[in-house]
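The structure appears right after this line, and notes come after that.
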Amino acid sequence: MIYSKAPILKSLKKWMGIILIFAVTFEVIIFPSLANALGCLMAILSYWIFSRFLYKKYVVLFPFAFLMYLSMYLYRYLPLLATIVEGKPITYGFERPVETFFYEIILFVVSSLAFYFACRIPRNSPKNNILQNALYQIGFFRITKETIWVIGFIGFGARILSFSFGDIQYGDISGKFTEGFIYLIYAPLILLFPHLLGLENNYSKRKVWTYAAIVFIVNIASNSRQHMIAPIAIALILFFLYLVLENIKLIKIISPVKIFGILAFFLFGLNFLSDISLAILYTRAVRGDIGKMELFERTIETYNNDKILTSLKSIKNGESEELTSYSEGWTETYIDNFMLNRYANMRISDETLYYAEKKGYDNPQMKEFMANSLISLLPTPVLGIFGIKLDKSEFQFSRGDLLYGKGYGGYRVTSHVADGLATFGFLYFPLQFVIFFFIFKLLNCFVFHTSRGIYYAPYALISVFTFIGFFRNANGILMDISYILRGYWQGILTFMISIFLANLISKIFFTRFNRNSMILQNEK
């Protein structure tokens, strides 16, 4: 039943609450201050609001919107836990904690309201809208195991081909086109949980795990830590959805062997990921000057060089102790763990608010760059048709660079709240409500309701890691608007093109296979 309780969600709610109680207690005792108390209040309020939606009906009916909302919650929940584990206060390095926590609480309330109105539970059976029906009619929700493998190899080919392009710049049409298919490399991973697509689970998953390991190794050559952890993250997210949908208790499927494997991963796997992450950062300075194969070799050489790796670790530990003030320069030092530092770095909010206040709220320059960035979303040929002359090479910097104002091209990240206030002033909050509402609505269109059950779009299952990373520190509200105007539709288009190519390849292959079989039979 859709509305029945999911044991994993009940356990998750319970343990998140227990862990939060311990974290708040330690924070108040070890680091007593008004600022840290406000940080604890933010985490408590976020947990209380999020727990109102931590029910199976929300995950089953709106899984992809829920994942995006989950990322918003974790951004306010994880910093308290991560800093306590590392022996730091939640305000570690902060310079304006009161404003940071106040605005982040407001933004989470706004985000929660957007999720509530976009994902209201219907009294009767859910109905599909025009877009959902249109996507269903063009075959967006239908796929076979064979097709999944074919589009996976299309994505794999796009990844390898992209290596020859180097760093893809604005105006590189062939590079951008190829880049749009790379996400398909993760398609075979959804075969780990075929029930999510209504497919039969009647084959060994050893091939899928082997493929995932190969993708992990290839992604190291991309010199991107996000791409490196993507296969692991996708598998974990799909596993979570599987547990919720099937009402499975985690304890029933975890054997002693699996428990040993999980412990081994946390003891050795996370250490390996941390070390390889340092190696990636070390070789990043030369990634624009050498080929991907050589970059991969240098990354592995760095990982195997104990002397360099030890030096990198000592530098990292030194940076975590010696903080840089915002007036001295840009800093992202907060949490030592590289994965948490990307998705739970609350100090970025504090830092970008500092620069937003210096730049001024409702800043004309931020607005102008926003407008030009949205115009640049249109392909260059389309801009030419409308007589718009726009040199896209001039946009090789981020919103964070503009906010920082001390050198473009560093692609510094920014927080949603600082970027919004600097661009729109306090009108940002109602505007962000509307933007989030539309994104949640669009993500809900990746679910199709029938009398026989619910269908999830294969494209959406492949992209789950993207959805849970929507709220990370990156390009602020520009990233959200860009997704509504282009990213969403581009994803649908590239997926349907890949399905067409996969069917064409399958047709050619099976035609030749049948023809060769007939020839052999005639010869006999």
Side-chain angles (χ1 to χ4, degrees), residues 1-28 36-85 90 101-123 236-237 239-251 340 343-344 346 349 416-417 432-433 436-437 439-440 443-444 447 464 467-472:
M1 292 292 292
I2 289 178
Y3 298 102
S4 62
K5 294 182 179 179
I8 184 65
L9 295 181
K10 185 178 180 180
S11 299
L12 189 62
K13 181 178 178 180
K14 172 186 174 182
W15 284 106
M16 281 196 307
I18 293 173
I19 293 172
L20 180 60
I21 291 172
F22 278 104
V24 169
T25 302
F26 280 117
E27 186 79 19
V28 172
N36 293 331
L38 285 174
C40 292
L41 178 62
M42 177 193 68
I44 293 171
L45 287 176
S46 299
Y47 169 77
W48 181 78
I49 295 172
F50 178 73
S51 63
R52 307 301 101 184
F53 301 100
L54 195 57
Y55 292 98
K56 184 179 179 181
K57 54 189 176 183
Y58 285 104
V59 180
V60 172
L61 294 176
F62 318 105
F64 310 113
F66 178 84
L67 289 174
M68 178 180 170
Y69 181 57
L70 174 63
S71 72
M72 298 172 173
Y73 162 67
L74 292 177
Y75 186 71
R76 280 88 180 187
Y77 178 80
L78 290 177
L80 177 63
L81 277 58
T83 51
I84 280 292
V85 169
I90 189 175
F101 294 135
F102 176 71
Y103 288 134
E104 287 294 348
I105 290 173
I106 291 178
L107 183 54
F108 187 66
V109 171
V110 168
S111 307
S112 301
L113 288 173
F115 182 78
Y116 171 76
F117 285 108
C119 304
R120 283 184 290 183
I121 305 296
R123 291 183 178 180
L236 290 175
I237 296 169
F239 180 54
F240 167 73
L241 293 177
Y242 168 72
L243 292 177
V244 174
L245 266 62
E246 300 297 326
N247 288 328
I248 296 175
K249 290 184 178 180
L250 192 60
I251 194 171
L340 287 176
Y343 294 95
M346 181 63 71
S349 290
H416 271 73
V417 68
Q432 187 69 83
F433 167 82
F436 279 156
F437 173 82
I439 292 180
F440 287 139
L443 293 180
N444 291 341
V447 180
V464 288
F467 302 146
I468 205 169
F470 261 170
F471 193 74
R472 72 181 188 276

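Counting begins at 1 with the first residue of the sequence.
- In this structure, the side chains of F239 and I8 stay at 4.5 Å or more apart for every pair of heavy atoms.
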- Could you check F471 against M68 for side chain to side chain contact (heavy atoms under 4.5 Å, CB included), going step by step and ending with a plain yes or no? CA-CA 7 Å; F471 193 74; M68 178 180 170; 5.8 Å; no
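- The CD1 atom of I21 sits 12.5 Å away from atom SG of C40, with the distance rounded to the nearest 0.5 Å.
- Within the 4.5 Å cutoff, the side chain of L74 has heavy atoms near those of the L70 side chain.
- Under a cut-off of 6.0 angstrom, the local environment of OH in Y343 is crowded, with over 12 non-hydrogen atoms contributed by other residues, nucleotides or ligands.
- For the pair L41/F101, no side-chain contact is recorded, criterion being any heavy-atom separation below 4.5 Å from C-beta on.
- To the nearest 0.5 Å, the span separating CD1 on I237 from CD1 on I468 amounts to 4.5 Å.
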Just distance, no hydrogens or angles: give the donor-acceptor pairs under 3.5 Å from side chains in residues 106-113, sequence neighbours left out.
from : atom 1 : to   : atom 2 : distance (Å)
S111 : OG     : L107 : O      : 2.7
S112 : OG     : Y69  : OH     : 2.8
S112 : OG     : F108 : O      : 2.8

- Query: Between V244 and F240, is a side chain to side chain contact (heavy atoms under 4.5 Å, CB included) present by the stated rule, with each step listed?
  - Reply: CA-CA 6 Å; V244 174; F240 167 73; 3.9 Å; yes
- Task: Before giving the answer on side chain to side chain contact (heavy atoms under 4.5 Å, CB included), spell out for H416 and Y75 the whole-Å C-alpha distance, their side-chain angles and the decisive distance to 0.1 Å.
- Result: CA-CA 11 Å; H416 271 73; Y75 186 71; over 6 Å; no
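- Residues Y47 and K13 meet the side-chain proximity criterion, which asks for heavy atoms closer than 4.5 Å.
- A side-chain contact (heavy atoms from CB on, under 4.5 Å) with P63 holds for exactly one of L245, L443, V464, L241; it is L241.
- When every heavy atom of I90 is checked against every heavy atom of E27, the shortest pair comes out as N-OE2, 3.0 Å.
- Of all the heavy atoms in W48 and S51, the pair that sits closest is O-OG, 2.8 Å.
- Here the side chains of L38 and I105 are not in contact, with every heavy-atom distance at 4.5 Å or above.
- Considering every non-hydrogen atom in both P79 and A344, the closest pair reads CG-O, 3.4 Å.
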- Verdict with supporting geometry, M72 and F436, side chain to side chain contact (heavy atoms under 4.5 Å, CB included): CA-CA 11 Å; M72 298 172 173; F436 279 156; 3.6 Å; yes
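- Residues M346 and T83 are not in side-chain contact: their nearest non-hydrogen atoms beyond the backbone lie 4.5 Å or more apart.
- In summary, the aromatic rings of F66 and Y58 are positioned with their centroids too far apart to meet the 6.0 Å limit.
- Smallest separation of non-hydrogen atoms from N444 and A118: ND2-O, 3.3 Å.
- Contact of the F433 side chain with the F117 side chain is registered, since non-hydrogen atoms from C-beta on lie closer than 4.5 Å.
- Counting only heavy atoms from C-beta outward, the side chains of R76 and F50 never approach each other to under 4.5 Å.
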